[in-house]
Structures are given as C-alpha cells and as structure tokens.
2 protein chains.
Amino acid sequence: MGVFSRTCEYAMRAVFFIAHRTPDGSRVGIKDISEGIDSPAHFLAKILQDLSRRGIINSAKGPNGGFYMTEENLSRPLSDVVEAIDGVQIFKGCALGLKQCSVKNPCPLHHEFKAIRNDLTKLLNGTSIKSFNEDLLNGMTSLKK
Amino acid sequence: MGVFSRTCEYAMRAVFFIAHRTPDGSRVGIKDISEGIDSPAHFLAKILQDLSRRGIINSAKGPNGGFYMTEENLSRPLSDVVEAIDGVQIFKGCALGLKQCSVKNPCPLHHEFKAIRNDLTKLLNGTSIKSFNEDLLNGMTSLKK
DNA sequence: ACAATTAAAGAGTTTTATATCTTTAATAAA
DNA sequence: TTTATTAAAGATATAAAACTCTTTAATTGT
Ligand code: FES
Ligand code: FES
C-alpha cells in the first residue's frame with residue numbers, strides 16, 4: 001500500500017470527482033462516480049455514506065438525487081477526508097510506530113521524518129478541495145488510470 | 001496506520017536494535033530484540049526470518065546464536081528494509097492510487113506530493129542504517145515507548 | 001553421543017480491510 | 001397514489017495483515 005489506505009484513495013478521488021461534476025449544485029450518482037474513478041460501486045457507496053454522515057459531502061435520495069458538494073464543502077481542506085478515513089496517525093504518528101512521537105523520546109528518524117510529515121500536513125491541510133479541483137476542471141489533472 | 005505498515009515498523013526498529021546491540025560481531029536473540037523494541041516475539045521472528053533470507057541481516061542457530069549485522073549490512077540504506085516489507089509503492093506510487101504516477105497523467109496532488117515522496121526517498125535511500133544508528137549509540141534516540 | 005540452545009519452518013488463529021449483495025427508506029414525478 | 005429512482009442500511013463474503021503456537025533443524029558445549 002502507498003501512503004494512504006485504498007479506502008482513503010477512493011475517498012479522495014471520489015471527492016474530487018464529485019466536486020468536478022457538481023460545480024453548479026447538480027448531483028452525481030454512485031454509478032457515475034465509481035465508473036469515473038474506477039472503484040467498486042458498492043464499496044464506494046459505503047465510503048460516501050460515511051463522508052456524507054460526517055458532512056464532508058452531501059447527498060440526496062430519489063430521482064435526480066445523488067452526491068454533491070456545497071461551497072462550504074469545497075472550501076474545506078483535503079485533510080478532512082484523510083482524517084475521516086485513515087485517522088491522524090499519518091499527520092502525527094512516529095515513523096517507527098513509537099506510541100508517542102515527541103522530541104523528548106525521539107526515534108532515529110524523528111528529526112527528518114517530522115519535516116516530511118509536516119510538509120504533507122501543510123499540503124493536505126493548507127489546500128482546499130476547491131483549489132485542487134481547479135486544475136482538474138482545467139483538464140490538467142486526472143482521476144483515472 | 002501511519003506511513004509504514006506495522007510489520008515494517010517492527011522491522012525497522014528491530015534492525016536498529018540489532019545494529020545497536022551487535023557492533024562487535026556478537027549476536028542478540030529474538031527474545032531480547034522483541035522486548036527491546038516492544039513487539040510480539042513470534043511475529044517478529046517471522047519478520048526477521050524474512051530479512052535474514054534477503055541478506056538484510058544475518059543469523060546463527062544454536063547456543064550463542066542469534067541475529068547480527070555485518071559492516072556490509074550496516075552500510076545499506078534503510079530503504080532496503082522498507083522495500084523488503086512494504087514494497088516500492090511508498091517510493092513510487094500515486095497519492096490517489098492511480099495505477100501509474102506520471103507527469104503525463106498526473107492526479108491533482110501529483111506535483112506537490114512527488115516532492116514530498118522524493119524527500120522521503122532521499123531520507124531512507126540516502127542514509128545508511130549505520131548512520132541512523134550513531135545517534136542511537138549516543139543515547140540520543142530511542143526505539144521504545 | 002548427548003543435552004541444551006537457538007533460529008527456521010510450518011500450521012494455524014484472529015483481526016482488519018476490502019468488497020459484494022440484498023433490503024429499506026426517502027424523494028420526485030406522473 | 002403509484003411508480004421509478006436514488007442513497008442508506010444491513011448482512012455477509014473474501015482477502016490480507018497481524019499474531020500465536022508447535023515442530024524441526026542447526027549448532028555448541030559436555
Ligand atoms: S519519534 Fe519517531 S518520528 Fe517522532
Ligand atoms: S499521479 Fe498521483 S502522485 Fe503522481
């Protein structure tokens with residue numbers, strides 16, 4: 001596995017896809033999303049249920065229903081998605097799995113690792129979903145393959 | 001989970017522990033190691049078997065047997081351990097799980113993520129186990145708690 | 001040769017992550 | 001009010017990761 005769990009990868013791709021497809025307040029269904037990001041539909045449905053419950057995305061049932069994102073949703077950082085799925089270990093945890101990452105009891109990687117972890121935090125916490133989405137709308141970035 | 005799998009965390013801690021305890025060519029047993037790094041002994045045994053088969057560490061059976069590391073072992077980069085356990089995804093994989101991370105079909109995170117991933121690669125690939133170990137021998141860093 | 005010690009190997013079990021399938025509830029439109 | 005459409009919820013199923021236990025093989029020292 002990479003840096004994030006597979007579930008988290010699906011979640012991030014889906015969020016970008018929804019953002020990309022509902023700039024206007026329209027909705028997009030689970031089928032379209034799962035095809036658009038190449039993920040198992042039913043599994044993704046579970047993930048989106050979760051994100052929806054947490055208020056990271058929105059959903060509506062019934063005809064013309066589906067998932068969508070409000071301005072409020074779009075302005076949140078991507079780290080909200082990551083934290084919802086994978087938790088905070090990625091942002092706070094020790095590289096070697098010590099119970100507490102701290103400068104008082106640092107592992108051999110601590111100093112350098114902390115810098116890298118901070119960069120990752122800055123990237124995910126400091127950038128709104130919307131701004132990642134701009135490149136996507138420009139067709140400059142991709143969510144599939 | 002953090003950046004690395006739990007198995008990989010144990011592996012890295014164990015490697016540092018062995019390096020720390022066998023500077024002279026002596027050996028250290030699985031019991032000592034697992035207690036020293038706070039990991040399940042039998043599970044760690046499996047992990048060390050694997051590292052030993054791959055030549056990342058060495059082992060000897062029988063009385064006064066145990067695990068140890070040669071100069072050659074110590075001079076290898078920590079990335080060897082990570083690759084042996086977790087594979088190369090962490091060094092090469094796309095943040096969003098696209099099949100290929102490439103500048104031709106970049107995901108929305110690609111540019112910034114790649115920089116971070118490269119820093120991590122540089123840290124693990126560019127530093128020998130021995131040099132991480134120096135701080136440990138000085139008592140400046142820790143492997144437990 | 002024998003007994004003790006140690007890792008290697010093999011064979012599980014348990015837990016967590018990933019994935020699928022079915023049923024229910026909500027909504028909209030006819 | 002009925003039907004169609006959609007997500008939510010529930011119930012499993014499968015696979016992978018994490019962990020445990022037992023047996024075997026190698027080595028050393030007596
Ligand atoms: S203590 Fe290990 S990264 Fe901080
Ligand atoms: S394509 Fe996603 S990180 Fe490179």
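A quick note: this is a predicted structure, and the numbers were derived from the prediction, not measured. Values below: every heavy atom of this structure, side chains too, minus hydrogens, waters and symmetry copies.
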Does a side-chain N or O from [X] land closer than 4.0 Å to OP1 or OP2 of [N], or not?
X	N	value
Ser52(B)	dA7(C)	no
Thr7(A)	dT18(C)	yes
Tyr10(A)	dA19(C)	yes
Arg6(B)	dT16(C)	no
Ser59(B)	dT6(C)	no
Arg27(A)	dA7(D)	no

Which nucleotide in the set [options] lies at the smallest distance from any side-chain heavy atom of [X]?
X	options	result
Lys61(A)	dA7(C), dA18(D), dA26(C)	dA26(C)
His42(A)	dA26(D), dA8(D), dC21(C)	dC21(C)
Asn64(B)	dA8(C), dT28(D), dC19(D)	dT28(D)
Arg53(B)	dT20(D), dA9(C), dT18(C)	dA9(C)
Pro63(B)	dA26(C), dT18(C), dT28(D)	dT28(D)

For the atom pair CD (Glu72(B)) and CD1 (Ile56(B)), what is the distance rounded to the nearest 0.5 Å? 10.5 Å
OG1 of Thr22(A) to CZ of Phe17(A): how many Å apart, nearest 0.5 Å? 10.0 Å
Please state how far atom [atom1] in [X] lies from atom [atom2] in [N], giving the value in whole angstrom units.
X	N	atom1	atom2	value
Ile85(A)	dA19(C)	CD1	P	13 Å
Phe43(A)	dT16(C)	CZ	C1'	11 Å
Leu51(B)	dA7(C)	CG	P	14 Å
Gln49(A)	dT22(C)	CD	C1'	13 Å
Asn58(B)	dT6(C)	CG	P	18 Å
Lys31(A)	dA4(D)	NZ	C1'	16 Å
Asp50(A)	dA8(D)	CG	P	11 Å
Ile33(A)	dA7(D)	CD1	P	7 Å

More 5' along DNA chain D: Gly62(B) or Cys8(B), using each one's nearest nucleotide? Cys8(B)
Need one value for Leu48(B): base, sugar-phosphate or nothing, where a base atom within 4.0 Å counts as base even if backbone is also close, heavy atoms only. nothing
Remember a base hit wins even if backbone is also touched, and classify Ala60(A) as base, sugar-phosphate or nothing at under 4.0 Å, heavy atoms. sugar-phosphate
Is any side-chain N or O of Lys46(A) under 3.5 Å from a base N or O of dA9(D), one able to act as donor and the other as acceptor? yes
Give me the ring orientation class for Phe4(B) and Phe113(A): parallel if the planes are under 30° apart, tilted from 30 to 60°, perpendicular past 60°. tilted
Without hydrogens or angle criteria, can the side chains of Thr121(B) and Asn118(B) be said to hold a donor-acceptor pair below 3.5 Å? no
For Ile30(B) and for Leu44(A), find the nucleotide of DNA chain C with the closest heavy atom, then tell me which residue's nucleotide is more 5'. Ile30(B)
Nearest-nucleotide comparison on DNA chain C, the residue closer to the 5′ end among Phe67(B) and Pro40(A): Phe67(B)
Under a 4.5 Å cut-off applied to non-hydrogen side-chain atoms, are Leu78(B) and Leu109(A) in contact? yes
Does the side chain of Leu124(A) reach to within under 4.5 Å of the side chain of Val81(A), using non-hydrogen atoms? no
